[in-house]
Amino acid sequence: MSAAMTDGQPAMTNARPVFSRDRLDAVLFDLDGVLTRTAEIHAEAWKRLFDDYLSERPATAGEDHSRFDDDHDYRRYVDGRPRLKGVKHFLLARGIDLPEGEPDDPPEHETLHGLGNRKNALFRELIEQRGIHVYACAVDLLRRLRRAGFRTAVVTASKNCELILQQAGLNGLFDEHLDGVEAEALELAGKPDPDTFVEAAQQLGCEPKRAAVLEDATAGVMAASRGHFGLVIGIDRDGQRESLLSKGADLVFDDLCQIGIESTHREMPPLLEEMALISDRLADKQPALFLDYDGTLTPIVERPADAQLSHSMRRALRDAAEQMPLAVISGRDLDDISALVGLDNLIYAGSHGFDIRGPDPRPDLRPDLRMELPEGIDALDALQQAAATLEARLADVAGVRVERKRFAVAIHVRQVADRDLPRVREAVDQTQRSLDGLRQTGGKRLFELRPDVDWDKGQALRWLLSELGLEGPDVLPLYLGDDDTDEDAFRVLRQLGGISILVAEAARPSAADYRLRAPDDVEALLIYLTGLERDA
């Protein structure tokens with residue numbers, strides 16, 4: 001993966017509160033010009049394409065072969081629009097009407113698709129030469145929104161979305177991607193029509209009025225406005241504030257570091273007070289239960305080894321697993337978590353889902369379930385190096401514990417003095433930067449290095465639902481967790497129409513639907529669900 005280059009530094013002083021979970025559930029980002037500076041590379045690729053083509057084309061009466069203006073022509077004909085439409089509109093403006101051709105026309109074919117494919121080849125060549133620049137303030141805002149529990153999607157006409165996100169290091173920060181490839185497959189009209197934004201909101205399980213859109217192109221602002229989104233934010237990168245406002249932007253910023261997130265949030269109802277809602281939603285449906293371990297099935301303790309399951313909780317898990325599919329998804333190693341729970345009638349997903357094992361509820365198809373993510377195996381050497389490096393760097397820091405898991409390195413700091421935390425953080429940062437293929441995550445008083453793969457508890461939850469045949473309308477999935485790493489699973493269940501439950505003594509911003517205060521409440525819920533299924 002190429003390292004992304006940033007422009008500017010986040011500076012959050014006096015940020016204006018704009019996003020609130022009271023009013024919005026999701027935020028949709030355009031890519032070029034909002035998160036990345038690829039708009040400049042697109043403009044150069046378009047200019048090279050049209051200048052070369054017009055200079056080679058024989059002079060014909062009624063045709064204008066003047067050079068492509070990378071300001072006026074770019075904004076007027078191609079910015080934010082599907083590639084084929086951009087080629088067609090610019091050429092028609094110059095009096096040139098080419099046949100559409102076929103999507104797989106080679107770049108040398110004189111068709112709309114052929115020229116579009118030539119432009120794409122030029123763009124990818126420039127990306128390889130120059131890399132991707134990202135707007136630091138935009139990426140900072142994106143991360144803050146996700147921490148606050150907002151669902152996020154990228155919506156772009158580009159057919160190179162996956163390449164750009166990967167090169168920019170952004171591919172793990174969105175719940176959904178809707179790019180030019182998918183829009184074409186779904187036969188969605190491009191911007192300024194609202195179809196792509198509306199479809200992305202639907203994929204997030206969100207009504208447009210509960211979603212915001214960030215756009216730098218007037219065509220994109222028009223699309224969001226026509227889609228009746230709850231908030232349309234224009235990004236003024238080069239002096240088109242008035243134009244963005246006139247096309248439907250509610251607010252216009254030239255610096256996303258100016259945007260704040262309100263700290264207030266909707267109080268999640270404690271679930272034990274809403275059991276009737278669970279009963280109603282389970283009518284004619286089978287529950288499928290997924291649970292974190294530490295902080296969910298056991299209280300958080302100073303030493304992870306002391307997080308022992310109570311006898312009554314183990315009994316509740318055993319009884320529940322006899323009535324419904326049940327999996328424990330933990331950041332612990334698979335062998336560790338399966339030994340701690342000590343039951344053989346449920347599924348275990350260790351290392352945030354990189355390592356999965358358990359009985360298949362359909363034994364007629366196969367006797368058991370087993371998966372190790374191949375990309376995780378590829379990172380084992382880097383993880384071993386990281387563990388050795390951190391052991392050496394932090395040997396004299398009192399209270400720190402470096403734990404080498406199979407698919408992660410956990411740096412526990414619960415017993416580390418506050419004055420030593422910056423040193424630990426710097427050591428983890430330096431180690432991660434020095435090794436390819438790792439990314440940094442965290443939890444409660446925990447730093448963690450994992451394989452740099454688009455995989456987390458949410459992805460593992462999706463995989464389990466698919467692999468176990470639990471994706472149908474007759475299944476209601478539930479996920480319970482207490483940590484930041486569980487938010488990925490909460491967001492997935494929002495999209496799938498399941499129930500997500502935060503386990504926390506006090507309410508806090510989260511993508512979860514409900515809250516339980518402590519593991520004792522989780523045990524009560526297990527007993528309740530088991531009783532419902534027995535009586536069904």
Side-chain angles (χ1 to χ4, degrees), residues 147 291-310 313 328-342 348-355 372-373 376-377 379-435 437-453 455-457 460 481-488 503-505 518-519:
R147 286 196 298 269
L291 306 106
D292 180 34
Y293 183 82
D294 294 277
T296 300
L297 297 176
T298 68
I300 292 292
V301 293
E302 288 295 323
R303 296 175 63 252
D306 294 336
Q308 299 295 317
L309 207 63
S310 70
M313 180 67 85
V328 176
I329 305 178
S330 172
R332 291 176 180 262
D333 270 345
L334 189 146
D335 289 342
D336 182 23
I337 189 61
S338 61
L340 284 168
V341 175
Y348 299 97
S351 299
H352 304 284
F354 276 82
D355 200 1
E372 280 190 331
L373 198 70
I377 296 173
L380 291 179
D381 288 343
L383 289 168
Q384 186 61 38
Q385 293 179 51
T389 299
L390 288 166
E391 287 276 11
R393 286 180 172 175
L394 300 173
D396 60 342
V397 177
V400 74
R401 186 169 71 86
V402 178
E403 179 188 5
R404 172 68 170 94
K405 304 179 183 181
R406 176 158 173 77
F407 290 108
V409 177
I411 303 91
H412 300 275
V413 294
R414 286 191 177 278
Q415 297 177 315
V416 174
D418 289 345
R419 67 177 180 276
D420 292 328
L421 288 177
R423 181 180 167 191
V424 177
R425 183 179 293 106
E426 181 179 4
V428 176
D429 289 345
Q430 290 178 351
T431 302
Q432 185 265 324
R433 289 196 298 266
S434 69
L435 295 169
L438 300 182
R439 66 186 174 105
Q440 185 179 158
T441 59
K444 292 179 178 177
R445 302 288 287 183
L446 172 77
F447 299 100
E448 194 166 56
L449 296 179
R450 287 195 240 161
D452 189 14
V453 180
W455 193 260
D456 50 40
K457 288 184 177 181
D482 74 305
D483 209 340
D484 290 345
T485 60
D486 298 305
E487 293 293 332
D488 298 307
V503 182
E505 181 62 34

Legend entry - Audit row: Asp482, Ile300, side-chain contact (heavy atoms from CB on, under 4.5 Å) steps and yes/no: CA-CA 10 Å; Asp482 74 305; Ile300 292 292; 4.0 Å; yes
Taking every non-hydrogen atom, the tightest pair across [X] and [Y]:
{"X": "Glu448", "Y": "Gly331", "answer": "OE2-O, 4.4 Å"}
{"X": "Ala349", "Y": "Gly353", "answer": "CB-CA, 4.1 Å"}
{"X": "Asp292", "Y": "Gly481", "answer": "CB-CA, 3.8 Å"}
{"X": "Asp488", "Y": "Thr485", "answer": "OD2-O, 3.7 Å"}
{"X": "Leu383", "Y": "Ala408", "answer": "CD1-N, 3.7 Å"}
{"X": "Gly295", "Y": "Pro519", "answer": "O-CG, 4.1 Å"}

Nearest-0.5 Å distance that lies between atom [atom1] in [X] and atom [atom2] in [Y]:
{"X": "Asp420", "Y": "Gln415", "atom1": "CG", "atom2": "CD", "answer": "13.0 Å"}
{"X": "Leu340", "Y": "Leu297", "atom1": "CG", "atom2": "CG", "answer": "10.5 Å"}
{"X": "Arg406", "Y": "Gln384", "atom1": "CZ", "atom2": "CD", "answer": "11.5 Å"}
{"X": "Gln308", "Y": "Asp306", "atom1": "CD", "atom2": "CG", "answer": "7.0 Å"}
{"X": "Ile329", "Y": "Leu291", "atom1": "CD1", "atom2": "CG", "answer": "8.5 Å"}
{"X": "Asp336", "Y": "Tyr348", "atom1": "CG", "atom2": "OH", "answer": "11.5 Å"}

Could you work out, with side chain to side chain contact (heavy atoms under 4.5 Å, CB included) as the rule, every residue matching [X], not counting sequence neighbours?
{"X": "Ala307", "answer": "Tyr293, Asp294, Thr298, Val301, Arg332"}
{"X": "Glu403", "answer": "Arg401, Lys405, Ala410, His412"}
{"X": "Ser434", "answer": "none"}
{"X": "Ser351", "answer": "Asp333, Phe354, Phe407"}

Side-chain heavy-atom pair [X], [Y] within 4.5 angstrom cut-off:
{"X": "Ile377", "Y": "Leu380", "answer": "yes"}
{"X": "Asp456", "Y": "His352", "answer": "no"}
{"X": "Leu390", "Y": "Leu449", "answer": "yes"}
{"X": "Arg393", "Y": "Val424", "answer": "no"}

Legend entry - Arg423: salt bridge (Lys or Arg N to Asp or Glu O under 4.0 Å) partners, not counting sequence neighbours: Asp396
Legend entry - Asp335: partners by salt bridge (Lys or Arg N to Asp or Glu O under 4.0 Å), with sequence neighbours left out: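 Scan of Asp335 (salt bridge (Lys or Arg N to Asp or Glu O under 4.0 Å), adjacent residues dropped) gives Arg357.
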Inset, instruction - Using the side chain to side chain contact (heavy atoms under 4.5 Å, CB included) rule, pick out the option among Leu446, Val416, Val428 that qualifies with Ile411. - result: Val428
Inset, instruction - Would you check if the side chain of Gln440 reaches a backbone N or O of Phe447 as a donor-acceptor pair within less than 3.5 Å? - result: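 Not a single qualifying donor-acceptor pair exists.
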